[in-house]
Amino acid sequence: MTIGPAIEDGFYYDFARETPFTPDDLPKIEDKMREIIKAGLPTRREVWPRDKAVEHFKGIGEAFKAELIASIPAGEDVSIYWHGDWHDLCRGPHFRTTAEIGDAFKLTKISGAYWRGDAKNAQLQRIYGTAWRDKKELDAYLTRMEEAEKRDHRKIGKEMDLFHMQEEAVGQVFWHPNGHTLWRTLENYIRRRIGEAGYNEIKTPLLFDRKLWEQSGHWDTFHQNMFVAEVEDESRTLAVKPMNCPGHIQVFKQGTKSYRELPLRLAEFGSCHRYEPSGALHGIMRVRGFVQDDAHIFCTHEQITDETKSFCELLLRAYRDLGFDQVTVKLSTRPEKRIGSDAVWDLAEGALEKATRAAGLDFTFNHGEGAFYGPKIEFTLTDAIGREWQCGTLQVDFNMPDRLGATYIGEDGNKHPPVMLHRAIVGSMERFIGVLIEHYAGKFPLWLAPVQVAVATVVADADTYAAEVVAALKAAGLRVVLDTENQTVNYKVRQHSLAKTPNLLVLGRREAENRTVTLRKLGVEGQESLALEAAISKLAAEAVPPDLR
RNA sequence: GCCGAUGUAGCGUAGUGGUAGCGCAAUCCCUUGGUAAGGGAUAGGUCGUGAGUUCGAUUCUCACCAUCGGCACCA
């Protein structure tokens, strides 16, 4: 026995044992649990001096438990809970008897887990469970899990033909026409937003001489996670960029920069590759090849606050436009291992905090979790079913420009290294699209939908008119598919509904004669008849991206 | 990377120590039908990869690869 805390929606317990649990063990353990609950064993709480508890658990061969207790400060007492002849260390409180636990629990999964969360330690066997006040709550939870499964981006990605992945390109995404349309729509939206906000978009190389990464400090820390390219006739080693900052600094360094040019905001949809551990890969959410909506703002110390503030506004507006209203912010401060003087950290943290407040954001501190070169804020959004995703970030960096020799001429005529703000709104495009898919369960708002309108004919006599309607919709900038398949209306309605196409225009002889369309909206029963021109302008208006309305 | 599970046609699945079924999709034919599956026919897999056991393996064993659930990691 090692440790078993309560967690969100349930609990887990870690065990040190030779043979791992198997899925078959779970029902057996559940039965045993029910037996114990049924027995209604009374709870008894005892308070022991820490050292007594350490000795006791050592004595009965519970080494992990003894180690755990030994890490409690000496001189403190610990509480031990008894149920019948069973006892364990616990902060409590517990029910009066095991009978009060009830039946609303379920063991959900098995996993390996490291002792004290450290991969250097022994691996334990973990059992996860969920527990609720009553059956109804448990069922509601299980239903929620099923719902989450239904909107899994990997499943929907297949169903909507958005992308695929395969063995020959592990951790990288093949974007299909539909998926890439979604990608471009998102990318163009961000491109317009940052354009308004005074960013300059650039494009930098994918391969750099390893020396650059040594200079930036990344090689030391991350070379094991970097892809390296070597060519026979070339003596130098090239590394595929895992991030864009050094490249952006090279652009900054071209020519002499004056303080008058600051803040200089360089943005790139930067393709990065990182050799992520195999076990970390997850659909398109965690990949080895990804694109960041990256930008670096080169500025003076004085400009940090304003730049941070306007970035927060930019980010929140973007999240709102993309359908996310609930955002939490964490401010991570100086870590133990860091560079730069405390005075500079004071300045950076102060500026960041002030700016975050100025942007009207509530935030919590994440002390000691900042990057080694500076503090950062992280933006976590909440999706339609309450899950949280960390996407955006802003980091204040006093280090990299200096290390890579970037300077500007200040008002005083001297050279100074600029402050560099690393920032991303969506973070990784791949991951964010994954989040969008799950947030909307594939039912995207019209402006994002890969296919916005399906035109389906009832009879072949309407084919000519349908082609005309499709052409008119396309001319209005809408993304349209034409379905003249030899099938029933029922079948076509079903197909396009399952494809999650937001609008379906059904055309038969009636429509062709009157130059009208019959519009059915996804998720709405029934349909309305509209004049062709009216329908097109209505749909075109609805399809305008939020920033262009 | 670690622990465990999984890997069968485009997708979803069944099954077996003697060379694989089903549904959807696809193709063709019939049907031209008004808002969530009209009917029929045809074609498509050698069962993740490699090795071993065996007279014989998709089925058993091992290794590898990938995926999935966690752990660890995430510049």
Side-chain angles (χ1 to χ4, degrees), chain A residues 12 14 17 19-25 108-128 149 152 154-155 158-159 161 164-171 213 216-226 241-246 272 274-283 285-288 290 292 294 371-373 376 390 393 395 397 399-400 422 427-428 431 456-463 484-499 504-511 518-529:
Chain A
Y12 68 76
D14 287 347
R17 67 202 309 269
T19 43
F21 292 110
T22 70
D24 303 337
D25 291 330
T108 50
K109 52 199 166 197
I110 306 164
S111 141
Y114 298 107
W115 169 237
R116 307 209 122 180
D118 190 334
K120 289 193 282 289
N121 290 342
Q123 187 152 42
L124 310 169
Q125 291 297 313
R126 176 172 297 179
I127 293 183
Y128 282 96
E149 221 168 288
D152 189 308
R154 292 164 296 197
K155 185 167 148 24
K158 235 174 234 161
E159 288 167 358
D161 196 14
H164 88 272
M165 303 178 81
Q166 66 185 51
E167 262 196 62
E168 290 77 6
V170 174
W213 303 107
S216 71
H218 290 101
W219 186 263
D220 249 10
T221 325
F222 294 113
H223 70 273
Q224 281 179 320
N225 300 308
M226 286 167 70
K241 70 175 173 186
M243 55 186 337
N244 306 297
C245 358
C272 297
R274 298 178 184 175
Y275 185 76
E276 300 287 3
S278 56
L281 301 175
H282 177 87
M285 299 286 207
R286 185 84 184 271
V287 287
R288 288 186 176 153
F290 57 97
Q292 289 178 325
D294 208 356
F372 70 96
Y373 46 73
K376 63 178 175 185
Q390 199 246 297
T393 183
Q395 304 166 4
D397 181 0
N399 170 55
M400 206 75 73
H422 309 240
S428 140
R431 177 178 156 86
T457 52
V458 182
V459 290
D461 288 352
D463 285 2
T484 54
E485 206 190 323
N486 175 8
Q487 262 299 353
T488 62
V489 174
N490 279 333
Y491 182 86
K492 292 186 180 188
V493 168
R494 181 178 155 81
Q495 289 305 308
H496 295 108
S497 299
L498 290 175
L504 176 62
L505 296 183
V506 174
L507 307 181
R509 288 197 191 93
R510 280 210 297 271
E511 288 80 5
T518 301
L519 169 65
R520 180 184 171 118
K521 293 249 164 212
L522 180 64
V524 180
E525 267 189 61
Q527 50 275 334
E528 61 173 325
S529 180

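Naming: A, B, ... by sequence-line order, numbering from 1 per chain.
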All ring-ring contact (aromatic ring centres under 6.0 Å, His included) counterparts of A:F21, not counting sequence neighbours: A:F15
When you check every protein heavy atom under 4.0 Å of nucleotides 42-51 of chain B, what one-letter string (B, S, -) results, 5' to 3'? ----------
Within 6.0 Å of CD in A:E149, more than 12 heavy atoms from elsewhere: no
A:C272 versus A:Q292, closest heavy-atom pair with distance: SG-OE1, 3.9 Å
Which part of the nucleic acid does A:T221 contact within heavy-atom distance under 4.0 Å: base, sugar-phosphate only, or nothing? nothing
Partners passing ring-ring contact (aromatic ring centres under 6.0 Å, His included) against A:H496 (at least two apart in sequence or in another chain): none
Taking the P atom of each, how far is B:rG1 from B:rA57, in whole Å? 31 Å
Provide, to the nearest angstrom, the distance between the CD atom belonging to A:Q166 and the P atom belonging to B:rA66. 13 Å
I need the CD-C1' distance between A:Q495 and B:rC24, as an integer number of Å. 9 Å
Taking the P atom of each, how far is B:rA25 from B:rG38, in whole Å? 9 Å
Just by protein heavy atoms under 4.0 Å, how would nucleotides 69-75 of chain B read 5' to 3' in B, S and -? BBBBBBB
Within the structure shown, what part of the strands sits under 4.0 Å from A:G427 by heavy-atom distance: base, sugar-phosphate, or nothing? nothing
A:D461 CG to B:rG33 C1': how many Å, rounded? 12 Å
Which value, in whole Å, describes the distance between the C1' atoms of nucleotides B:rU19 and B:rC55? 14 Å
Can you name the salt bridge (charged side-chain N to carboxylate O under 4.0 Å, His left out) partners of A:D161, sequence neighbours left out? none
Rounded to whole Å, the CD-P distance (A:E168 to B:rU67) equals 11 Å
Rounding to the closest angstrom, what is the interatomic distance between B:rU46 and B:rG21 at atom P? 15 Å
Output the rounded distance in Å from CD (A:E149) to C1' (B:rC68). 11 Å
Those residues that, when tested against A:F290, pass ring-ring contact (aromatic ring centres under 6.0 Å, His included) (two or more places apart): none
Could you provide the dot-bracket string of RNA chain B, using ( ) for intrastrand pairs, [ ] for crossing pairs and | for bases paired to another strand, with Watson-Crick or G-U pairs below 3.5 Å? (((((((..((((....[..)))).(((((.......))))).....(((((..]....))))))))))))....
Considering only the C1' atoms, how many Å lie between B:rC28 and B:rG50, rounded to the nearest integer? 41 Å
In whole Å, measure the gap between the C1' atoms of B:rU54 and B:rG18 for me. 12 Å
A:L124 has an atom CG; how far is it from atom P of B:rG4, in whole Å? 13 Å
List the residues meeting salt bridge (charged side-chain N to carboxylate O under 4.0 Å, His left out) with A:E485, not counting sequence neighbours, and say none if there are none. none
Can you find a side chain N or O atom of A:N490 that sits less than 4.0 Å from OP1 or OP2 on B:rU35? no
Residue list, salt bridge (charged side-chain N to carboxylate O under 4.0 Å, His left out) with A:R494, at least two apart or on another chain: none
Position toward the 5' end of RNA chain B (nearest nucleotide), A:E511 or A:Y491: A:Y491
Taking all non-hydrogen atoms of both residues, which atom of A:L124 and which atom of A:Y114 are closest, and how far apart? CD1-C, 4.5 Å
Could you list, one pair per line, each protein nitrogen or oxygen that sits under 3.5 Å from a nitrogen or oxygen of nucleotides 9-14 of chain B, together with the distance?
from   : atom 1 : to     : atom 2 : distance (Å)
B:rG12 : OP1    : A:K158 : NZ     : 3.3

Can you name the ring-ring contact (aromatic ring centres under 6.0 Å, His included) partners of A:H282, sequence neighbours left out? A:H153
Should A:W213 and A:M243 count as side-chain neighbours, where that means a heavy-atom distance under 4.5 Å? yes
With a 4.0 Å cutoff (strictly under), does any side-chain N or O of A:Q487 reach OP1 or OP2 of B:rG33? no
If I compare all heavy atoms of A:K492 with all of A:A456, which pair ends up nearest, and what's the gap? CD-CB, 3.8 Å
In whole Å, what is the span from the CD atom of A:E485 to the C1' atom of B:rC24? 13 Å
Rounded P spacing from B:rU6 to B:rU16 in Å: 15 Å
A:W115 CH2 - B:rC3 C1' separation (whole Å): 17 Å
Base, sugar-phosphate or nothing for A:T108? Non-hydrogen atoms, less than 4.0 Å. nothing
Under 3.5 Å: donor-acceptor pair, side chain of A:R288, backbone of A:E276: yes
Among A:D397, A:N244, A:D294, exactly one meets side chain to side chain donor-acceptor pair (under 3.5 Å) together with A:H422. Which residue is that? A:D397
Please name all residues satisfying salt bridge (charged side-chain N to carboxylate O under 4.0 Å, His left out) with A:R154, sequence neighbours left out, ordered by chain then number. A:D152
Can you figure out which of B:rC3, B:rA36, B:rG38 approaches the side chain of A:R494 most closely? B:rA36
CA sep, side-chain torsions, deciding dist, call: A:V506, A:Q527, side-chain contact (heavy atoms from CB on, under 4.5 Å): CA-CA 9 Å; A:V506 174; A:Q527 50 275 334; over 6 Å; no
B:rC24 and B:rA43, which share atom name C1', separated by this distance in whole Å: 16 Å
Among the nucleotides B:rG4, B:rU35, B:rA66, whichever has the atom closest to the side chain of A:P20 is B:rG4
